[in-house]
Amino acid sequence: MTHPARVHIRRDSPENSAGRFVLYWMQQAQRARANPALEEAVRLADERGLPVVVGFGLDEHYPDANLRHFAFMLEGLAETARELEERGIGFVLRRGRPPEVALDLARHARILVCDRGYLRHQRQWRDLVAERAPCPVVEVEGEVVVPVEAASDRAEIGARTLRPKIRRLLDAFLDLPDERGPRRRAAADLETLLDPDDPEALLATLDVDRSVLPVRRFRGGTSEAEARLARFLEERLEGYAEARNDPGRAATSELSPYLHFGQISPVAVAVAVQGSGAGSPQDRAAFLEELVVRRELSCNFTWHVEDYDRFSALPGWARATLSAHAGDPRPALYDIEELEAADTHDPAWNAAMREMRETGYMHNYMRMYWGKKILEWSRSPEEAFATALRLDNRWFLDGRDPNGYAGVAWCFGLHDRPWPERPVFGKVRSMTAAGLARKFDVGAYIRRVDALLRAEDGKQMTEDG
DNA sequence: ATCGGCTCGCGCAA
DNA sequence: TGCGCGAAGCCGAT
(Lines give C-alpha, C1' and ligand atoms only; values in the text may rest on other atoms or scores of the structure.)
Protein backbone atom coordinates (compact mmCIF):
# COMPACT_ATOMS: atom_id res chain seq x y z
CA MET A 1 0.00 0.00 0.00
CA THR A 2 1.23 3.47 -0.89
CA HIS A 3 2.31 5.47 2.16
CA PRO A 4 0.09 8.58 2.54
CA ALA A 5 3.20 10.80 2.78
CA ARG A 6 3.86 10.07 -0.90
CA VAL A 7 0.62 11.73 -1.96
CA HIS A 8 0.29 15.52 -2.23
CA ILE A 9 -2.78 17.45 -3.32
CA ARG A 10 -1.21 20.12 -5.53
CA ARG A 11 -4.48 21.65 -6.69
CA ASP A 12 -7.63 21.31 -4.67
CA SER A 13 -10.22 22.51 -7.18
CA PRO A 14 -13.58 20.88 -8.04
CA GLU A 15 -13.40 17.90 -10.37
CA ASN A 16 -13.87 18.66 -14.04
CA SER A 17 -17.40 17.36 -14.66
CA ALA A 18 -16.76 17.19 -18.41
CA GLY A 19 -13.76 14.93 -17.79
CA ARG A 20 -13.94 11.57 -19.59
CA PHE A 21 -10.98 9.93 -17.86
CA VAL A 22 -8.48 10.22 -15.05
CA LEU A 23 -5.21 11.46 -16.51
CA TYR A 24 -1.86 10.22 -15.27
CA TRP A 25 0.67 12.69 -16.61
CA MET A 26 3.71 10.39 -16.66
CA GLN A 27 7.02 12.17 -16.88
CA GLN A 28 9.51 10.76 -14.37
CA ALA A 29 8.20 7.31 -13.39
CA GLN A 30 8.30 5.81 -16.89
CA ARG A 31 7.08 2.37 -15.88
CA ALA A 32 3.89 0.34 -15.64
CA ARG A 33 4.96 -1.60 -12.53
CA ALA A 34 5.52 -0.56 -8.91
CA ASN A 35 4.41 2.93 -9.84
CA PRO A 36 2.40 4.58 -7.02
CA ALA A 37 1.31 7.52 -9.23
CA LEU A 38 -0.13 5.15 -11.81
CA GLU A 39 -1.91 3.09 -9.16
CA GLU A 40 -3.32 6.22 -7.54
CA ALA A 41 -4.76 7.25 -10.92
CA VAL A 42 -6.25 3.76 -11.35
CA ARG A 43 -7.81 3.90 -7.88
CA LEU A 44 -9.34 7.34 -8.49
CA ALA A 45 -10.67 6.17 -11.85
CA ASP A 46 -12.20 3.01 -10.34
CA GLU A 47 -14.03 5.06 -7.72
CA ARG A 48 -15.62 7.10 -10.52
CA GLY A 49 -16.13 4.35 -13.09
CA LEU A 50 -13.80 6.11 -15.50
CA PRO A 51 -10.97 4.90 -17.72
CA VAL A 52 -7.33 5.90 -17.17
CA VAL A 53 -5.22 7.67 -19.77
CA VAL A 54 -1.47 8.00 -19.38
CA GLY A 55 0.01 11.05 -21.11
CA PHE A 56 3.68 11.74 -21.80
CA GLY A 57 5.22 14.93 -23.20
CA LEU A 58 8.30 14.33 -25.31
CA ASP A 59 10.41 17.47 -25.35
CA GLU A 60 12.98 17.42 -28.15
CA HIS A 61 14.72 20.35 -26.51
CA TYR A 62 14.79 18.87 -23.02
CA PRO A 63 17.87 20.33 -21.31
CA ASP A 64 21.05 18.53 -22.47
CA ALA A 65 19.17 15.55 -23.93
CA ASN A 66 20.50 13.88 -27.09
CA LEU A 67 19.92 10.85 -29.32
CA ARG A 68 21.54 8.48 -26.80
CA HIS A 69 19.04 9.49 -24.11
CA PHE A 70 16.01 9.51 -26.41
CA ALA A 71 16.80 6.05 -27.83
CA PHE A 72 17.02 4.55 -24.34
CA MET A 73 13.93 6.39 -23.13
CA LEU A 74 11.78 5.40 -26.13
CA GLU A 75 12.77 1.73 -25.79
CA GLY A 76 11.50 1.95 -22.23
CA LEU A 77 8.35 3.89 -23.07
CA ALA A 78 7.43 1.43 -25.83
CA GLU A 79 7.52 -1.43 -23.33
CA THR A 80 5.59 0.63 -20.79
CA ALA A 81 2.95 1.46 -23.43
CA ARG A 82 2.56 -2.26 -24.25
CA GLU A 83 2.15 -3.17 -20.59
CA LEU A 84 -0.39 -0.41 -20.01
CA GLU A 85 -2.28 -1.60 -23.08
CA GLU A 86 -2.53 -5.07 -21.55
CA ARG A 87 -4.15 -3.51 -18.49
CA GLY A 88 -6.61 -1.57 -20.63
CA ILE A 89 -4.89 1.77 -20.04
CA GLY A 90 -4.33 4.10 -22.97
CA PHE A 91 -0.87 5.62 -23.50
CA VAL A 92 -0.60 8.91 -25.32
CA LEU A 93 2.77 10.35 -26.31
CA ARG A 94 2.92 13.84 -27.74
CA ARG A 95 5.64 16.23 -28.77
CA GLY A 96 5.95 19.41 -26.77
CA ARG A 97 6.91 20.88 -23.49
CA PRO A 98 5.68 18.42 -20.86
CA PRO A 99 3.45 20.84 -18.88
CA GLU A 100 1.80 22.00 -22.10
CA VAL A 101 1.10 18.43 -23.18
CA ALA A 102 -0.29 17.69 -19.71
CA LEU A 103 -2.51 20.79 -19.67
CA ASP A 104 -3.82 20.05 -23.14
CA LEU A 105 -4.83 16.52 -22.17
CA ALA A 106 -6.19 17.80 -18.84
CA ARG A 107 -9.01 19.59 -20.68
CA HIS A 108 -10.69 16.17 -20.91
CA ALA A 109 -9.62 14.87 -17.50
CA ARG A 110 -11.70 14.60 -14.34
CA ILE A 111 -8.54 14.56 -12.21
CA LEU A 112 -4.84 14.84 -13.06
CA VAL A 113 -2.27 12.69 -11.27
CA CYS A 114 1.44 13.33 -11.76
CA ASP A 115 4.72 11.96 -10.50
CA ARG A 116 7.72 13.79 -9.16
CA GLY A 117 11.20 15.03 -10.05
CA TYR A 118 13.86 16.80 -8.05
CA LEU A 119 15.51 19.05 -10.60
CA ARG A 120 14.63 22.73 -11.11
CA HIS A 121 12.76 22.37 -14.40
CA GLN A 122 10.90 19.27 -13.24
CA ARG A 123 9.58 21.19 -10.25
CA GLN A 124 8.68 24.21 -12.40
CA TRP A 125 6.70 22.02 -14.81
CA ARG A 126 4.62 20.60 -11.97
CA ASP A 127 4.11 24.02 -10.42
CA LEU A 128 2.80 25.27 -13.73
CA VAL A 129 0.41 22.34 -14.15
CA ALA A 130 -0.81 22.68 -10.56
CA GLU A 131 -1.45 26.37 -11.19
CA ARG A 132 -3.30 26.04 -14.50
CA ALA A 133 -5.06 22.67 -14.65
CA PRO A 134 -8.88 22.81 -14.93
CA CYS A 135 -9.17 19.95 -12.43
CA PRO A 136 -7.64 18.68 -9.18
CA VAL A 137 -3.92 17.81 -9.35
CA VAL A 138 -2.46 15.04 -7.22
CA GLU A 139 1.31 14.52 -7.11
CA VAL A 140 2.61 11.10 -6.06
CA GLU A 141 6.23 10.47 -5.09
CA GLY A 142 7.68 7.22 -6.40
CA GLU A 143 11.32 7.95 -7.23
CA VAL A 144 12.89 7.71 -3.79
CA VAL A 145 12.39 5.32 -0.91
CA VAL A 146 11.97 7.96 1.81
CA PRO A 147 10.30 11.11 0.41
CA VAL A 148 12.78 14.01 0.60
CA GLU A 149 10.72 16.25 2.84
CA ALA A 150 9.81 13.37 5.14
CA ALA A 151 13.51 12.58 5.55
CA SER A 152 14.78 16.10 6.18
CA ASP A 153 13.74 19.75 6.00
CA ARG A 154 17.20 21.09 5.22
CA ALA A 155 20.25 20.70 3.03
CA GLU A 156 22.18 17.96 4.78
CA ILE A 157 25.88 18.42 5.46
CA GLY A 158 26.74 14.86 4.52
CA ALA A 159 25.71 11.23 4.54
CA ARG A 160 26.33 10.99 8.27
CA THR A 161 23.58 13.50 9.07
CA LEU A 162 21.01 12.12 6.62
CA ARG A 163 21.67 8.44 7.40
CA PRO A 164 19.98 8.26 10.83
CA LYS A 165 16.96 10.17 9.52
CA ILE A 166 16.57 7.74 6.62
CA ARG A 167 17.12 4.70 8.85
CA ARG A 168 14.31 5.70 11.18
CA LEU A 169 11.83 5.84 8.33
CA LEU A 170 13.09 3.13 6.01
CA ASP A 171 10.77 0.27 6.95
CA ALA A 172 7.66 2.44 6.73
CA PHE A 173 8.56 3.44 3.18
CA LEU A 174 9.24 0.00 1.75
CA ASP A 175 5.68 0.31 0.49
CA LEU A 176 4.87 -1.19 -2.89
CA PRO A 177 1.54 -0.02 -4.33
CA ASP A 178 -1.29 -2.52 -4.80
CA GLU A 179 -1.96 -3.21 -8.46
CA ARG A 180 -5.56 -3.51 -9.61
CA GLY A 181 -6.71 -5.83 -12.35
CA PRO A 182 -7.42 -5.17 -16.05
CA ARG A 183 -9.98 -2.54 -16.94
CA ARG A 184 -11.96 -1.39 -19.90
CA ARG A 185 -10.15 0.59 -22.55
CA ALA A 186 -10.06 4.36 -22.62
CA ALA A 187 -11.79 6.22 -25.41
CA ALA A 188 -9.49 5.69 -28.39
CA ASP A 189 -9.83 9.13 -29.92
CA LEU A 190 -6.59 10.49 -28.50
CA GLU A 191 -3.76 10.81 -30.94
CA THR A 192 -0.38 9.35 -29.99
CA LEU A 193 2.99 9.51 -31.73
CA LEU A 194 4.54 6.34 -30.36
CA ASP A 195 3.94 2.98 -32.00
CA PRO A 196 4.72 0.63 -29.09
CA ASP A 197 6.04 -1.96 -31.53
CA ASP A 198 8.34 0.43 -33.36
CA PRO A 199 9.94 3.11 -31.18
CA GLU A 200 12.71 3.53 -33.77
CA ALA A 201 10.25 5.02 -36.23
CA LEU A 202 9.53 7.90 -33.86
CA LEU A 203 13.21 8.26 -32.97
CA ALA A 204 14.06 8.75 -36.63
CA THR A 205 11.72 11.75 -36.88
CA LEU A 206 12.96 13.61 -33.81
CA ASP A 207 14.69 16.96 -34.11
CA VAL A 208 17.31 16.24 -31.44
CA ASP A 209 21.08 16.50 -30.94
CA ARG A 210 22.39 13.49 -32.89
CA SER A 211 26.06 13.91 -32.03
CA VAL A 212 25.90 11.40 -29.16
CA LEU A 213 25.08 7.92 -30.40
CA PRO A 214 22.94 5.27 -28.69
CA VAL A 215 24.84 2.47 -26.93
CA ARG A 216 24.62 -1.31 -27.07
CA ARG A 217 25.65 -1.82 -23.47
CA PHE A 218 22.31 -0.65 -22.07
CA ARG A 219 18.95 -1.41 -23.64
CA GLY A 220 16.11 0.61 -22.16
CA GLY A 221 13.04 -0.82 -20.47
CA THR A 222 11.61 -2.28 -17.30
CA SER A 223 12.17 -5.91 -18.29
CA GLU A 224 15.84 -5.20 -19.00
CA ALA A 225 16.11 -3.41 -15.63
CA GLU A 226 14.52 -6.38 -13.87
CA ALA A 227 16.85 -8.79 -15.64
CA ARG A 228 19.82 -6.76 -14.42
CA LEU A 229 18.42 -6.71 -10.90
CA ALA A 230 17.99 -10.50 -11.00
CA ARG A 231 21.56 -10.93 -12.27
CA PHE A 232 22.81 -8.62 -9.54
CA LEU A 233 21.06 -10.64 -6.83
CA GLU A 234 22.34 -13.93 -8.24
CA GLU A 235 25.88 -13.03 -9.19
CA ARG A 236 27.02 -9.79 -7.61
CA LEU A 237 25.36 -9.18 -4.24
CA GLU A 238 27.57 -11.81 -2.63
CA GLY A 239 30.80 -9.93 -1.90
CA TYR A 240 29.37 -6.54 -2.92
CA ALA A 241 30.58 -4.76 0.24
CA GLU A 242 34.16 -5.61 -0.62
CA ALA A 243 34.11 -5.59 -4.44
CA ARG A 244 31.90 -2.62 -5.30
CA ASN A 245 34.73 -0.08 -5.29
CA ASP A 246 37.12 -2.01 -7.52
CA PRO A 247 36.74 -0.64 -11.03
CA GLY A 248 38.54 -3.64 -12.46
CA ARG A 249 35.69 -5.91 -11.42
CA ALA A 250 32.14 -5.84 -12.75
CA ALA A 251 30.60 -6.00 -9.30
CA THR A 252 27.96 -3.26 -9.28
CA SER A 253 24.26 -3.34 -10.19
CA GLU A 254 24.50 -0.92 -13.14
CA LEU A 255 20.89 0.05 -12.49
CA SER A 256 21.40 3.82 -12.46
CA PRO A 257 20.26 4.45 -16.08
CA TYR A 258 17.02 2.60 -15.31
CA LEU A 259 16.49 4.47 -12.03
CA HIS A 260 17.19 7.75 -13.81
CA PHE A 261 14.40 7.17 -16.35
CA GLY A 262 12.06 5.69 -13.75
CA GLN A 263 12.05 2.35 -15.57
CA ILE A 264 12.45 0.53 -12.26
CA SER A 265 11.22 1.51 -8.80
CA PRO A 266 13.85 2.16 -6.09
CA VAL A 267 11.40 0.74 -3.56
CA ALA A 268 11.08 -2.46 -5.59
CA VAL A 269 14.88 -2.72 -5.80
CA ALA A 270 15.29 -2.12 -2.06
CA VAL A 271 12.63 -4.70 -1.21
CA ALA A 272 14.22 -7.26 -3.54
CA VAL A 273 17.68 -6.76 -2.05
CA GLN A 274 16.47 -6.77 1.52
CA GLY A 275 14.47 -9.94 0.94
CA SER A 276 17.23 -11.67 -0.99
CA GLY A 277 18.92 -14.71 0.54
CA ALA A 278 22.09 -13.85 -1.36
CA GLY A 279 25.06 -12.09 0.18
CA SER A 280 25.88 -11.27 3.78
CA PRO A 281 24.01 -8.71 5.89
CA GLN A 282 27.01 -6.41 5.22
CA ASP A 283 26.60 -6.85 1.47
CA ARG A 284 22.92 -5.95 1.63
CA ALA A 285 23.61 -3.00 3.93
CA ALA A 286 26.34 -1.72 1.60
CA PHE A 287 23.96 -1.81 -1.36
CA LEU A 288 21.13 -0.09 0.53
CA GLU A 289 23.62 2.58 1.59
CA GLU A 290 24.22 3.33 -2.10
CA LEU A 291 20.62 2.96 -3.27
CA VAL A 292 18.94 4.81 -0.44
CA VAL A 293 21.31 6.95 1.66
CA ARG A 294 23.66 8.16 -1.07
CA ARG A 295 21.08 8.39 -3.85
CA GLU A 296 18.61 10.24 -1.65
CA LEU A 297 21.30 12.55 -0.31
CA SER A 298 21.62 13.67 -3.93
CA CYS A 299 17.89 14.41 -4.08
CA ASN A 300 18.17 16.29 -0.79
CA PHE A 301 20.90 18.39 -2.43
CA THR A 302 19.03 19.36 -5.60
CA TRP A 303 15.81 19.87 -3.61
CA HIS A 304 17.25 22.20 -0.97
CA VAL A 305 20.11 23.92 -2.80
CA GLU A 306 18.77 26.28 -5.43
CA ASP A 307 22.01 26.59 -7.44
CA TYR A 308 22.89 22.87 -7.37
CA ASP A 309 24.46 23.08 -10.84
CA ARG A 310 26.87 25.88 -10.02
CA PHE A 311 30.14 26.34 -8.15
CA SER A 312 28.29 28.56 -5.66
CA ALA A 313 26.41 25.52 -4.35
CA LEU A 314 29.57 24.18 -2.67
CA PRO A 315 30.09 24.58 1.09
CA GLY A 316 31.87 27.77 2.13
CA TRP A 317 35.11 26.11 3.23
CA ALA A 318 35.40 24.35 -0.15
CA ARG A 319 34.78 27.48 -2.21
CA ALA A 320 37.24 29.45 -0.07
CA THR A 321 40.04 26.92 -0.30
CA LEU A 322 39.58 26.25 -4.03
CA SER A 323 39.60 29.98 -4.73
CA ALA A 324 42.72 30.43 -2.61
CA HIS A 325 44.45 27.85 -4.82
CA ALA A 326 43.02 29.04 -8.14
CA GLY A 327 46.39 30.52 -9.06
CA ASP A 328 48.43 27.37 -8.33
CA PRO A 329 50.32 25.94 -11.29
CA ARG A 330 48.55 22.87 -12.71
CA PRO A 331 50.47 19.65 -13.42
CA ALA A 332 48.67 19.57 -16.77
CA LEU A 333 46.03 21.67 -18.54
CA TYR A 334 43.42 20.28 -20.91
CA ASP A 335 40.48 21.96 -22.57
CA ILE A 336 37.10 20.29 -22.82
CA GLU A 337 37.77 18.94 -26.33
CA GLU A 338 40.96 17.19 -25.25
CA LEU A 339 39.20 15.72 -22.23
CA GLU A 340 36.23 14.56 -24.30
CA ALA A 341 38.64 12.92 -26.76
CA ALA A 342 40.25 11.00 -23.84
CA ASP A 343 43.53 12.54 -24.94
CA THR A 344 45.44 13.04 -21.68
CA HIS A 345 48.69 11.65 -20.30
CA ASP A 346 46.78 9.43 -17.83
CA PRO A 347 45.76 5.98 -19.16
CA ALA A 348 43.34 5.23 -16.31
CA TRP A 349 41.61 8.57 -16.79
CA ASN A 350 41.45 8.07 -20.55
CA ALA A 351 39.88 4.64 -20.06
CA ALA A 352 37.26 6.17 -17.77
CA MET A 353 36.46 8.88 -20.31
CA ARG A 354 36.11 6.29 -23.06
CA GLU A 355 33.84 4.15 -20.92
CA MET A 356 31.68 7.23 -20.47
CA ARG A 357 31.75 8.36 -24.07
CA GLU A 358 31.28 5.03 -25.79
CA THR A 359 29.06 3.14 -23.32
CA GLY A 360 27.10 5.89 -21.53
CA TYR A 361 28.30 4.75 -18.11
CA MET A 362 31.32 4.75 -15.81
CA HIS A 363 32.28 2.70 -12.79
CA ASN A 364 31.40 4.70 -9.69
CA TYR A 365 34.89 4.79 -8.23
CA MET A 366 36.27 6.09 -11.52
CA ARG A 367 33.62 8.84 -11.54
CA MET A 368 35.32 10.28 -8.48
CA TYR A 369 38.82 10.01 -9.91
CA TRP A 370 37.59 11.42 -13.23
CA GLY A 371 36.06 14.50 -11.59
CA LYS A 372 39.00 15.11 -9.26
CA LYS A 373 41.37 15.16 -12.23
CA ILE A 374 39.22 17.62 -14.16
CA LEU A 375 39.51 19.91 -11.14
CA GLU A 376 43.28 19.45 -11.16
CA TRP A 377 43.73 19.93 -14.92
CA SER A 378 41.51 22.99 -15.52
CA ARG A 379 42.39 26.69 -15.42
CA SER A 380 40.04 27.42 -12.53
CA PRO A 381 37.77 25.44 -10.21
CA GLU A 382 34.72 27.20 -11.66
CA GLU A 383 35.69 26.17 -15.17
CA ALA A 384 36.40 22.61 -13.99
CA PHE A 385 32.98 22.41 -12.35
CA ALA A 386 31.22 23.53 -15.52
CA THR A 387 33.30 21.16 -17.68
CA ALA A 388 32.62 18.12 -15.50
CA LEU A 389 28.90 18.83 -15.46
CA ARG A 390 28.77 19.37 -19.22
CA LEU A 391 30.47 16.04 -19.91
CA ASP A 392 28.41 14.24 -17.27
CA ASN A 393 25.12 15.45 -18.69
CA ARG A 394 26.13 14.87 -22.29
CA TRP A 395 27.55 11.35 -22.24
CA PHE A 396 25.98 9.49 -19.32
CA LEU A 397 22.68 7.70 -19.73
CA ASP A 398 22.21 8.51 -16.05
CA GLY A 399 23.32 12.12 -16.47
CA ARG A 400 21.03 15.11 -15.90
CA ASP A 401 20.11 13.41 -12.64
CA PRO A 402 20.37 14.56 -9.01
CA ASN A 403 23.11 11.94 -8.64
CA GLY A 404 25.06 13.58 -11.44
CA TYR A 405 24.88 17.04 -9.88
CA ALA A 406 25.74 15.77 -6.40
CA GLY A 407 28.44 13.48 -7.76
CA VAL A 408 30.22 16.28 -9.61
CA ALA A 409 29.87 18.64 -6.65
CA TRP A 410 31.29 15.93 -4.34
CA CYS A 411 34.52 16.03 -6.32
CA PHE A 412 34.71 19.72 -5.36
CA GLY A 413 34.04 19.16 -1.64
CA LEU A 414 30.27 18.75 -1.31
CA HIS A 415 29.16 16.33 1.46
CA ASP A 416 32.78 15.90 2.42
CA ARG A 417 35.21 17.35 4.96
CA PRO A 418 38.49 19.23 4.70
CA TRP A 419 41.73 17.33 4.20
CA PRO A 420 45.37 18.39 4.34
CA GLU A 421 46.11 21.25 2.05
CA ARG A 422 47.61 20.39 -1.33
CA PRO A 423 48.29 22.31 -4.53
CA VAL A 424 45.21 23.10 -6.66
CA PHE A 425 42.85 21.04 -4.46
CA GLY A 426 43.45 23.11 -1.36
CA LYS A 427 41.66 21.36 1.49
CA VAL A 428 39.36 19.45 -0.85
CA ARG A 429 40.07 15.72 -0.86
CA SER A 430 42.56 14.85 -3.57
CA MET A 431 43.07 11.69 -5.57
CA THR A 432 46.20 10.58 -7.39
CA ALA A 433 47.17 8.05 -10.03
CA ALA A 434 49.54 6.53 -7.47
CA GLY A 435 46.71 6.10 -4.99
CA LEU A 436 44.59 4.41 -7.64
CA ALA A 437 47.42 2.00 -8.46
CA ARG A 438 48.01 1.34 -4.75
CA LYS A 439 44.45 0.21 -4.25
CA PHE A 440 43.44 -1.47 -7.49
CA ASP A 441 44.70 -3.27 -10.53
CA VAL A 442 44.44 -0.34 -12.94
CA GLY A 443 45.38 -2.58 -15.85
CA ALA A 444 42.35 -4.76 -15.14
CA TYR A 445 40.10 -1.71 -15.44
CA ILE A 446 41.70 -0.63 -18.71
CA ARG A 447 41.30 -4.14 -20.13
CA ARG A 448 37.68 -4.28 -19.00
CA VAL A 449 36.96 -0.97 -20.75
CA ASP A 450 38.72 -2.22 -23.91
CA ALA A 451 36.40 -5.24 -23.91
CA LEU A 452 33.35 -3.02 -23.43
CA LEU A 453 34.45 -0.84 -26.34
CA ARG A 454 34.93 -3.85 -28.61
CA ALA A 455 31.40 -4.94 -27.73
CA GLU A 456 30.10 -1.48 -28.65
CA ASP A 457 31.82 -1.77 -32.02
CA GLY A 458 30.21 -5.14 -32.54
CA LYS A 459 33.61 -6.69 -33.19
CA GLN A 460 33.28 -9.14 -30.36
CA MET A 461 29.76 -10.38 -30.02
CA THR A 462 30.11 -13.79 -28.45
CA GLU A 463 29.33 -14.26 -24.77
CA ASP A 464 31.97 -16.80 -23.92
CA GLY A 465 34.78 -15.51 -26.17
C1' DA B 1 51.54 -3.40 5.65
C1' DT B 2 49.68 -0.28 9.07
C1' DC B 3 49.21 4.09 11.44
C1' DG B 4 48.78 8.92 12.62
C1' DG B 5 48.17 13.49 11.20
C1' DC B 6 46.03 16.74 8.46
C1' DT B 7 41.02 19.97 8.90
C1' DC B 8 35.86 21.69 9.66
C1' DG B 9 31.40 21.45 11.53
C1' DC B 10 27.70 18.75 13.29
C1' DG B 11 25.46 16.19 16.95
C1' DC B 12 25.51 14.67 21.29
C1' DA B 13 27.00 14.39 26.19
C1' DA B 14 27.97 17.11 29.98
C1' DT C 1 31.74 23.69 26.05
C1' DG C 2 34.22 19.67 24.79
C1' DC C 3 34.71 15.66 22.14
C1' DG C 4 34.22 12.17 18.57
C1' DC C 5 33.95 11.43 14.06
C1' DG C 6 33.03 11.55 9.14
C1' DA C 7 32.22 8.14 1.03
C1' DA C 8 36.20 6.20 -1.08
C1' DG C 9 42.19 11.12 0.51
C1' DC C 10 47.61 11.47 0.71
C1' DC C 11 52.12 11.12 2.73
C1' DG C 12 55.77 9.92 5.65
C1' DA C 13 57.17 7.23 9.60
C1' DT C 14 57.51 2.90 11.57
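Naming convention: chains lettered A, B, ... in sequence-line order (proteins, then strands); numbering from 1 in each chain.
- Rounded to an integer number of Å, the gap from CD of A:Glu156 to C1' of B:dG9 is 13 Å.
- When the C1' atom of C:dG9 is taken as reference, atom CZ of A:Phe412 falls 16 Å away, rounded to whole Å.
- Of the listed nucleotides (C:dA8, C:dG6, C:dC10), C:dC10 has the atom at the smallest distance from the side chain of A:Ser430.
- Here the side chain of A:Arg438 is nearest to one of B:dC10, C:dC11, B:dT7, namely C:dC11.
- Between A:Phe287 and A:Phe232, the ring planes are tilted. Angles from 30° to 60° get that label.
- Rounded to whole Å, the separation between the P atoms of C:dG9 and B:dG9 comes to 23 Å.
- Ranking C:dA8, C:dC10, B:dG11 by closeness to the A:Arg422 side chain, first place goes to C:dC10.
- Judged as a ring pair (Phe, Tyr, Trp, His ring centres under 6.0 Å), the pairs with a partner in residues 418-440 of chain A (not counting sequence neighbours) are, in order, A:Tyr365-A:Phe440.
- Within the 4.0 angstrom heavy-atom criterion, base atoms lie near A:Asn364.
- Taking the side chain of A:Trp410 as heavy atoms from C-beta on, and the options C:dA8, B:dC10, B:dT7, the nearest nucleotide is C:dA8.
- Comparing the P positions of C:dG12 and B:dT7 gives a spacing of 16 Å, expressed to the nearest Å.
- When distances run from any side-chain atom of A:Glu290 to the nucleotides C:dA8, B:dC8, C:dG6, the shortest one goes to C:dA8.
- For the P atoms, the distance linking B:dC3 with C:dC5 amounts to 16 Å, nearest Å.
- Nucleotide B:dC8 holds its P atom 13 Å from the CH2 atom of A:Trp419, rounded to whole Å.
- Spacing between atom CZ of A:Arg160 and atom C1' of B:dG11 amounts to 9 Å, rounded to whole angstrom units.
- Using atom P as the reference point in both B:dG4 and C:dG4, the two lie 14 Å apart (nearest Å).
- Within 4.0 Å of A:Gly158, counting heavy atoms only, lies no atom of the nucleic acid at all.
- As judged by a 4.0 angstrom heavy-atom cut-off over every strand, A:Arg163 is placed among residues touching the sugar-phosphate backbone only.
- Between A:Phe261 and A:Phe72, the angle of the ring planes lies from 30° to 60°, which puts this pair in the tilted group.
- Taking only side-chain atoms of A:Arg429, from C-beta outward, the nucleotide of C:dG9, C:dC10, B:dG11 with the closest atom is C:dG9.
- Summarising the base pairing, B:dT7 is matched to no nucleotide, lacking a Watson-Crick or G-U wobble pair whose two defining distances lie under 3.5 Å.
- Protein atom NZ of A:Lys165 is 10 Å distant from nucleotide atom C1' of B:dG11, rounded to whole Å.
- Side chain of A:Thr432, nearest nucleotide from C:dG9, C:dC10, C:dG6: C:dC10.
- The distance from atom CH2 of A:Trp349 to atom CD1 of A:Ile374, rounded to the nearest 0.5 Å, is 5.0 Å.
- Look at C:dA8: it lacks any Watson-Crick or wobble partner with both distances under 3.5 angstrom.
- You'll find that the side chain of A:Lys427 is closest to B:dC8, out of B:dC8, C:dA8, C:dG9.
- A straight line from CG of A:Leu322 to P of B:dT7 spans 16 Å, rounded to a whole angstrom.
- In this structure, A:Phe218 and A:Tyr361 have tilted ring planes: the angle between them lies in the 30° to 60° band.
- What separates CZ of A:Arg167 from C1' of B:dG11 is a distance of 16 Å, to the nearest Å.
- Rounding to whole angstrom units, NZ of residue A:Lys373 and P of C:dC10 are separated by 9 Å.
- One finds a salt bridge joining A:Asp398 and A:Arg367 here, because a Lys/Arg side-chain nitrogen approaches an Asp/Glu carboxylate oxygen to under 4.0 Å.
- Judged by closest nucleotide on DNA chain C, A:Pro418 is the one of A:Pro418 and A:Tyr365 placed further toward the 5' end.
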